[in-house]
Amino acid sequence: MKVFIDGKYYDEHAAKISVFDHGLLYGDGVFEGIRAYHGRVFKLREHIDRLFCSAKAIMLNIPMSHAHIMRAVVEACRMNKIRDGYIRLVVTRGIGTLGLSPNRCKKPSIIIIADKIQLYPPALYQKGMEIVTVPTVRSLHSALNPAIKSLNYLNNILAKIEANHAGCEEAVMLNAEGFVAECTGDNLFIVKKGELLTPPLSAGALYGITRGVVMELAEEEGLAVSEPNLTRYDLFNADECFLTGTGAEIVPVVKIDGRVIGAGKPGPITCKLVTEYHALTKNSGEPIYK
Ligand code: PXG
């Protein structure tokens, strides 16, 4: 595998960054997780847009243009002969000193890793997932805004550890007010009386690219989509529930905090959206090979 760092490609074992990089020392940086399907990079522009929004929020000047990064991501896939894979794009604050000050970091670093993807087992998609609410709440907007896809993922990792301790793969994270925000690396949707509901960004959800795609697909299907504040009660009494994310795609949820959701198996609307999502990933995206 060849890894892109600041304009050059390095072999996997030689792809290294400094111990003085503030991405490592302080989690000071931003990232994206992107998928390639059938030789195309899916929703590339949307991911790069979000990367620039995250960077703006932390006052990080990405030393490459939007168009240039898009080309670099496609090129990194080509270099690694990727047709189906996962691309991790990272921008760190760069090399600085042992002090918080980002002003000491002269140049942000850009890293692109284009690799194969580790998928959830297929059985999980057929049977559905069990998830739990965890004690760790989503960061406040006024602390570290959850809309920023920063390198500081400890809030999510703590929640993931708590879910794993409870024997689950994913956690429902509430915000400080007790409303549902999202999961540790996925957005959350419920279906109630034929309508789709998902927490608003103001509740602490990430502006998920998959979330956006699913909302568009649902609207095309004529389903009503809304973004109200949701409580655990709303989840327990949903007809269907599923998670969305670039890595996970659409994962049906069949149990939350011990309560069976709907019929206890992936619901019809969830399954329809899964089919449509797969169809979309088959024939859209930025071509890697001309
Ligand atoms: N919420 C959070 C907190 C996320 O980090 C999503 C929702 C889903 O967003 P997208 O744009 O992917 O639909 C994410 C993103 C990984 C990995 O290694 C994935 C994410 C985050 C961190 C790591 O698979 N998902």
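In what follows, every heavy atom counts, from backbone to side chain, and hydrogens, waters and symmetry copies are set aside. Numbers here simply count residues along the sequence, with the first being 1. Just so you know, ligand 1 is whichever comes first in the structure, and atom 1 is the first atom listed for that ligand.
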Test E32 against every option in H47, K149, R88 by the side chain to side chain donor-acceptor pair (under 3.5 Å) rule and name the one that passes.
-> H47
Please state whether the rings of F189 and F242 are parallel, tilted or perpendicular, taking 30° and 60° as the class boundaries.
-> parallel
Flag, side chain of D28 to backbone of R93, donor-acceptor distance under 3.5 Å = no
For F42, is the NZ or CZ atom of R35 found under 6.0 angstrom from the centre of its six-membered ring and inside 45 degrees of the ring axis?
-> no
Test ring-ring contact (aromatic ring centres under 6.0 Å, His included) applied to Y10 and F4, step by step = CA-CA 6 Å; Y10 298 85; F4 174 102; 9.1 Å; no
Of all residues at least two apart in sequence or in a different chain, which pass the side-chain contact (heavy atoms from CB on, under 4.5 Å) check with K116?
-> none
Contact set, ligand 1, heavy-atom distance under 4.0 Å, ordered by chain/number, equals F31, R50, Y86, R88, R138, K149, Y153, N156, E182, T184, G185, D186, N187, L206, G208, I209, T210, T244, G245, T246
